[in-house]
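First the structure, in the form of structure tokens, and then the observations on it.
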Amino acid sequence: MTGVSEEAKTSRRPGAWRLGGLGALSGLLAGYSALATAELVSAAVRPESGPVIAVGGAAIDRTPTPVKDWAIREFGTDDKLVLQLGILAVLTLLALALGVLAVRYRSAGSAGVLLFGVVGGVAATSRPDSTSITDALPSVAGAVVGAGLLYWLAGRLRAGKHPAPAHDHERPTHDQGRPGWDRRGFIVAATAAAAASTGVGLLGRTLNGARGQNAIASRNQVTLPAPASAAAPVPKGAALRIKDVSPFMTPNQDFYRVDTALVVPRVDATSWRLRIHGKGVTREMTVSFADLLRMPLIERNITLACVSNEVGGPYVGNARWIGVRLADLLAQCGVKPPSKGGPADQLVARSVDGMTIGTPVEDVMDGRDAMLALGMNGEPLPFAHGFPVRMVVPGLYGFVSACKWIQDIELTTFDDYDPYWVKRDWARKAPIKTQSRIDTPKPFARPAPGTVMVAGVAWAQHRGIDQVEVRVDDGPWQQADLAAEDTRDTWRQWSFPWKATSGGHTLTVQATDRTGETQTQKRTGTVPDGASGRHSVVVTVD
């Protein structure tokens with residue numbers, strides 16, 4: 001017989017699949033060991049230099065603006081988690097593929113692991129917050145360990161050859177003449193690698209966590225002093241008691257978070273410093289957190305809004321902030337606004353994570369309550385919202401004003417420097433647009449006929465809301481009842497008792513600010529300076 005029996009052909013397949021599966025397992029273990037090693041080395045460098053954080057940050061930096069907007073719209077504040085899970089999923093697939101490759105091409109599979117170490121190292125050193133080539137060490141060290149492990153495990157799968165047939169007329173079985181494998185050696189090696197990698201990863205996580213514990217301890221020790229200028233009591237009637245309407249004061253845990261930090265920075269307040277320098281600064285200043293606590297503090301209720309907030313979106317919130325008036329601090333440094341002859345028209349704030357945010361100097365020093373905030377709703381800033389210090393500027397979208405984890409302020413000009421978001425086609429100046437939102441009834445709700453309370457919030461920070469109107473279907477605009485106003489820097493709740501009749505209806509809201517400007521019906525996206533248009537909901541009255 002010159003052919004191979006059907007039985008022999010079928011029996012070859014399990015051997016190939018078995019080797020492929022073991023190769024994939026080898027690649028997975030190699031990837032696991034690489035990440036565990038990188039975690040440990042990042043504890044000696046800095047946590048942000050780890051490959052997942054570095055690659056994720058680089059991905060955020062290079063993601064087109066429409067894609068970022070889509071991610072924020074679809075995933076909200078979970079967009080960072082989705083990105084990290086996506087990176088881990090891709091790394092897992094690549095590790096599996098490289099493991100299968102290493103079964104046949106041992107060196108090529110290991111070289112692939114090394115290549116990803118190079119990619120991680122380049123990503124880490126190219127991040128805005130990178131200050132040293134040592135940021136590449138976690139990725140490189142992890143890749144070297146991972147490549148070495150894959151080469152070793154693949155060797156266990158290629159440890160021997162089955163003997164060739166003794167006579168020409170004897171046909172080889174599926175194992176004969178093919179690479180064999182050292183079953184015992186592989187199992188021992190794989191088990192040892194998994195155990196060692198787990199131990200290394202846990203040690204790295206513990207050491208990195210210890211750094212965070214110092215920051216947590218420093219926050220726990222903060223006692224906010226009484227402000228020299230306290231916020232006035234919220235007027236009676238400013239907070240409506242209507243089900244499903246956003247509360248007048250947004251609790252810290254519910255306050256929106258939109259930023260590019262893949263991992264929230266944990267900054268130790270005891271070692272934190274802020275430097276103020278640049279054009280028009282006659283006296284450079286470096287202040288500590290303790291220095292700021294000793295300065296006269298102001299306390300204000302201020303509504304913040306994100307430029308990524310779609311019409312009717314959730315990325316707006318109202319909180320009570322306490323901090324140092326920014327204009328006073330700049331004046332101590334000799335800074336003058338452009339209207340008074342100052343040479344700088346842009347204040348560039350830099351965060352510990354490398355973010356740069358540009359703010360008009362004129363707006364910061366025009367008398368509004370712009371501040372370096374230290375506290376939020378009666379407690380030190382939460383880490384997710386900028387502890388130990390962040391900027392708050394009423395009336396401006398966050399991407400041109402609300403630098404979190406701030407560590408540097410440079411006075412410069414718009415002509416001389418483009419901050420992070422301006423380089424990505426967003427506007428240089430972005431006052432918050434007049435907006436309103438229907439909180440209740442929810443879209444596609446099915447209320448009963450009769451009086452249905454339509455209610456929500458409206459905002460036009462630093463101008464104030466003067467009027468809110470509601471339209472049912474294509475009917476006339478009808479004036480809603482406004483809650484009492486706290487200040488022109490906070491949102492206002494509103495309500496409208498609607499006599500609902502059976503059938504489908506569209507409810508639309510519009511607001512008018514104190515300058516007399518009514519929000520436009522023209523619908524635009526968030527880029528470059530915030531969304532515009534009227535918010536509508538469709539309901540069916542049963």
Side-chain angles (χ1 to χ4, degrees), residues 35 39 42 47-48 50-93 120 123 127-129 201 205 208-209 212 215-216 244 246-247 250-267 303-319 351-355 357 376-377 381-387 390 397-399 402-405 420-421 424 426 435 437 439 442-444 457 525-527 530-531 535 537:
L35 291 178
E39 178 80 20
S42 71
E48 295 79 10
V52 174
I53 298 176
V55 172
I60 291 174
D61 290 345
R62 291 163 177 77
T63 299
T65 296
V67 177
K68 287 182 180 178
D69 261 10
W70 173 85
I72 293 173
R73 188 167 58 251
E74 294 298 320
F75 303 115
T77 55
D78 292 328
D79 59 337
K80 314 295 189 307
L81 176 61
V82 171
L83 175 59
Q84 291 185 73
L85 291 176
I87 291 172
L88 290 175
V90 170
L91 289 176
T92 298
L93 293 174
R127 294 286 295 132
D129 60 335
R205 183 62 58 89
N208 276 325
I216 293 173
D244 294 329
S246 301
T250 309
N252 289 354
Q253 65 271 19
D254 297 332
F255 208 94
Y256 75 90
R257 177 201 164 202
V258 178
D259 53 55
T260 64
L262 200 60
V263 176
V264 173
R266 297 281 178 109
V267 182
T303 298
L304 302 186
C306 179
V307 74
S308 294
N309 198 41
E310 298 279 354
V311 172
Y315 303 128
V316 58
N318 187 49
S351 168
V352 298
D353 70 338
M355 172 57 65
I357 287 179
M376 179 180 183
N377 288 332
L381 290 172
F383 287 106
H385 296 291
F387 181 83
R390 65 169 294 164
Y397 283 118
F399 84 104
C403 184
K404 295 187 285 190
W405 315 294
Y420 183 93
W421 291 112
R424 290 156 177 81
W426 294 82
Q435 284 288 320
R437 185 180 72 202
D439 286 344
K442 300 296 183 185
F444 311 115
V457 288
T526 58
V527 181
H535 186 219
V537 298

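Residues: numbered from 1 along the sequence shown.
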| request: Enter the distance from Leu262:CG to Leu81:CG here, rounded to the nearest 0.5 Å. | output: 9.5 Å

| query | With distance as the sole test, does Lys404 use its side chain to make a donor-acceptor pair with the main-chain N or O of Ala384 at under 3.5 Å? | reply | yes

| request: Apply the side chain to side chain contact (heavy atoms under 4.5 Å, CB included) test between Val307 and each candidate in Tyr397, Tyr315, Trp421; give the one that qualifies. | output: Tyr397

| query | Side chains of Asp79 and Leu83: does their closest heavy-atom pair fall under 4.5 Å? | reply | no

| query | If every non-hydrogen atom of Asp353 is compared with every non-hydrogen atom of Pro265, which pair is closest and at what distance? | reply | CB-CG, 4.4 Å

| task | Could you tell me whether Asp61 and Arg127 have a side-chain N and a carboxylate O separated by less than 4.0 Å? | result | yes

| Take atom CZ in Arg424; do more than 12 heavy atoms of anything else shown fall under 6.0 Å from it? | yes

| note | dist Phe255:CZ -> Leu304:CG (nearest 0.5 Å) comes out at 4.5 Å

| query | Got Asn309 and Tyr256 here, is their nearest side-chain heavy-atom distance under 4.5 Å? | reply | no

| If you take all heavy atoms of Ala58 and Ala123, which pair is closest and at what distance? | CB-CB, 4.0 Å

| CG on Asn252 to NE2 on His385, rounded to 0.5 Å | 6.5 Å

| query | Are the charged groups of Lys442 and Asp244 less than 4.0 angstrom apart, N to O? | reply | no

| query | Hey, is the main chain of Phe383 close enough, under 3.5 Å, to the side chain of Trp405 for a donor-acceptor pair? | reply | yes

| task | Please report the shortest heavy-atom distance between Val263 and Ile53, naming the atom on each side. | result | CG2-CD1, 3.5 Å

| remark: Taken to the nearest 0.5 Å, the spacing of Asn377 CG from Asn318 CG works out to 8.5 Å

| remark: For Phe399 and Ile357, the nearest pair of non-hydrogen atoms, with its separation, is O-CG2, 3.5 Å

| query | Looking only at heavy atoms, which two atoms of Ala402 and Arg390 are closest? And how far apart? | reply | CB-NH2, 3.1 Å

| Taking atom CZ of Arg437 and atom CD of Glu310, what is their separation to the nearest 0.5 Å? | 13.5 Å

| message | Is any side-chain heavy atom of Asp129 closer than 4.5 Å to one of Glu48? | response | yes

| task | Please step through side chain to side chain contact (heavy atoms under 4.5 Å, CB included) for the pair Arg257 and Val264, ending with a clear verdict. | result | CA-CA 11 Å; Arg257 177 201 164 202; Val264 173; 3.5 Å; yes

| query | What pair of heavy atoms forms the shortest contact from Ala215 to Phe387, and how long is it? | reply | O-CE2, 4.2 Å

